[in-house]
Amino acid sequence: MAITHKILLVDDDLIFAETLQEQFRLHDELQVELAGTAAEAREKIAVRRYDLIIMDVGLPDQDGRETCRALRKQDVSIPIIMLTGAASDADTILGLEAGANDYVTKPFKFGVLLARMRVHLRQYENMEQASLQLGPFTFQPALKMLETTNGERVRLTEKETHILRYLYRAGGAPVQRQELLNEVWGYNDRVSTHTLETHIYRLRQKIEPLAAELLQTEAGGYRLNLENSSSTSA
């Protein structure tokens, strides 16, 4: 039986939303629910689990980008694709900086949107369900845990898990402190790089007795030494 993905489509244009929903019904693996406002979307997200959100920028009660930013601050990590009638680079950048995974300009071809959705769903599932090899550790993000081949386990906090996962996604390339801070804590003026440095210090205390060279400091940021690292299905 195919996996069913639950999608929330947030758009106040009822005709557009229902037309798109009808197109999604042709694909058995997708179940699409509608919300016409940011408030309705937040209510649905609070009580239901979705696999992906499609959200229009021009919502009647709140800019969709602000809604996206608020959801990220609440640790909603599922993919969010923003829809907009504006095609400028600046508009796209604002959406991505708000925490959106992708930005699609209206009008668009349904097949293009569907393909992008499937890519983001696949990437998200891989990150959530994979076992990632980090040096001597098997990293299981969903369990917030590192485990060695001889069974030694390191329990991680939510933030430590997010830090390691984002550094892993960087493929061993350095990640600047501010970028990592924004990714893990969102755009919160009350959180400084000192907060990140404190979490990095505590994370190192946990992992360095078993992997001294895994988490490395670079100019302005951090990187993972991913030599001989890989990912496998959980």
Side-chain angles (χ1 to χ4, degrees), residues 2-86 91-108 110 113-114 116-125 127-129 141-144 157-159 161-162 165-166 182-191:
I3 296 173
T4 299
H5 296 293
K6 295 181 180 179
I7 312 297
L8 181 62
L9 172 58
V10 189
D11 198 303
D12 64 316
D13 185 338
L14 185 59
I15 295 175
F16 167 81
E18 289 182 344
T19 300
L20 197 54
Q21 187 180 40
E22 285 296 321
Q23 290 179 291
F24 282 125
R25 286 194 178 118
L26 299 175
H27 302 271
D28 293 337
E29 79 275 19
L30 301 174
Q31 290 183 356
V32 178
E33 294 185 19
L34 304 181
T37 65
E40 184 182 0
R42 288 194 298 268
E43 289 174 3
K44 287 179 176 288
I45 292 166
V47 297
R48 295 183 181 88
R49 181 188 178 280
Y50 295 98
D51 299 297
L52 183 142
I53 300 169
I54 303 171
M55 184 178 300
D56 188 53
V57 168
L59 298 175
D61 55 338
Q62 186 178 43
D63 187 297
R65 290 165 295 206
E66 290 303 316
T67 306
C68 179
R69 184 176 287 111
L71 291 173
R72 294 307 191 207
K73 288 182 178 179
Q74 295 166 10
D75 291 330
V76 175
S77 59
I78 62 174
I80 298 176
I81 298 177
M82 304 297 299
L83 302 180
T84 179
D91 201 57
T92 300
I93 290 169
L94 287 173
L96 295 175
E97 288 184 342
N101 298 81
D102 208 342
Y103 220 72
V104 177
T105 303
K106 297 178 181 178
F108 53 82
F110 176 75
L113 174 62
L114 184 62
R116 290 189 178 187
M117 289 171 58
R118 286 173 170 163
V119 167
H120 290 298
L121 286 167
R122 188 162 55 247
Q123 289 176 342
Y124 181 73
E125 287 170 355
M127 290 307 300
E128 289 298 301
Q129 298 175 5
L143 299 179
K144 304 182 183 68
T157 66
E158 185 77 21
K159 298 302 186 187
T161 301
H162 285 184
R165 185 162 54 185
Y166 193 72
N182 292 341
E183 173 65 25
V184 176
W185 279 269
Y187 289 81
N188 188 339
D189 292 338
R190 293 173 295 178
V191 178

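All values reported here derive from a predicted model rather than from experimental measurement.
- For D61 (side chain) and A38 (main-chain N/O), a donor-acceptor pair under 3.5 Å exists by modelled atom type.
- F24 places a side-chain heavy atom less than 4.5 Å from the side chain of L113.
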For R118 and H27, run side-chain contact (heavy atoms from CB on, under 4.5 Å): C-alpha distance rounded to whole Å, both residues' side-chain angles, the deciding distance at 0.1 Å, then the answer. CA-CA 12 Å; R118 286 173 170 163; H27 302 271; 3.4 Å; yes
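- The number of heavy-atom neighbours closer than 6.0 Å to CD1 of I15, taken from other residues, nucleotides and ligands shown, is 12 or below.
- Of all the heavy atoms in P141 and R165, the pair that sits closest is CB-NH1, 3.8 Å.
- A 4.5 Å side-chain heavy-atom check between L30 and L114 finds at least one atom pair inside the cut-off.
- The existence of a salt bridge linking K106 and D13 is excluded, since no basic side-chain nitrogen approaches an acidic carboxylate oxygen closer than 4.0 Å.
- Residue A35 comes nearest to L8 through the heavy atom pair CB-CD1, 4.2 Å, listed as atom of the first residue, atom of the second, then distance.
- A salt bridge does not link E33 with K6: none of the charged nitrogens is closer than 4.0 Å to a carboxylate oxygen.
- At least one donor-acceptor pair closer than 3.5 Å links the side chain of N101 to the backbone N or O of I80.
- Residue A100 comes nearest to C68 through the heavy atom pair N-SG, 3.5 Å, listed as atom of the first residue, atom of the second, then distance.
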Evaluate I45 against I78 for side-chain contact (heavy atoms from CB on, under 4.5 Å), listing each step before the verdict. CA-CA 11 Å; I45 292 166; I78 62 174; over 6 Å; no
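- Of all heavy-atom pairs between P60 and D12, the closest is CD-CB, 3.6 Å.
- Minimum interatomic distance between G64 and M55 (heavy atoms only, all atoms of both residues): O-SD, 3.4 Å.
- Looking only at distances, a side-chain donor or acceptor of E40 sits under 3.5 Å from a matching main-chain atom of G36.
- A heavy-atom distance below 4.5 Å is not found between the side chains of V10 and T67.
- Using a distance-only test at 3.5 Å, with no hydrogens or angles considered, no donor-acceptor pair links the side chain of R69 to the main chain of G186.
- Among T105, V57, I54, the one residue that satisfies the side chain to side chain contact (heavy atoms under 4.5 Å, CB included) test with L83 is I54.
- Of the possible polar contacts, none joining the R65 side chain to the A98 backbone as a donor-acceptor pair under 3.5 Å is found.
- The CG atom of L52 lies 5.0 Å from the CD1 atom of I81; values are rounded to the nearest 0.5 Å.
- Distance CZ/F110 to OG1/T19: 11.5 Å, rounded to 0.5 Å.
- Atoms OH and CG, from Y103 and L96 in turn, are 8.0 Å apart once rounded to the nearest 0.5 Å.
- The line from CZ of R25 to CG of L20 is 11.0 Å long, rounded to the nearest 0.5 Å.
- Counting heavy atoms from C-beta outward, K159 and W185 have side chains that approach closer than 4.5 Å.
- Taking CG of L71 as the reference point, atom CZ of R42 lies at 7.5 Å (rounded to 0.5 Å).
- Atom OH of Y50 and atom CD1 of I7 lie 10.5 Å apart (nearest 0.5 Å).
- Between E158 and K144 there is a side-chain heavy-atom pair separated by less than 4.5 Å.
- Minimum interatomic distance between V32 and Q21 (heavy atoms only, all atoms of both residues): O-NE2, 2.8 Å.
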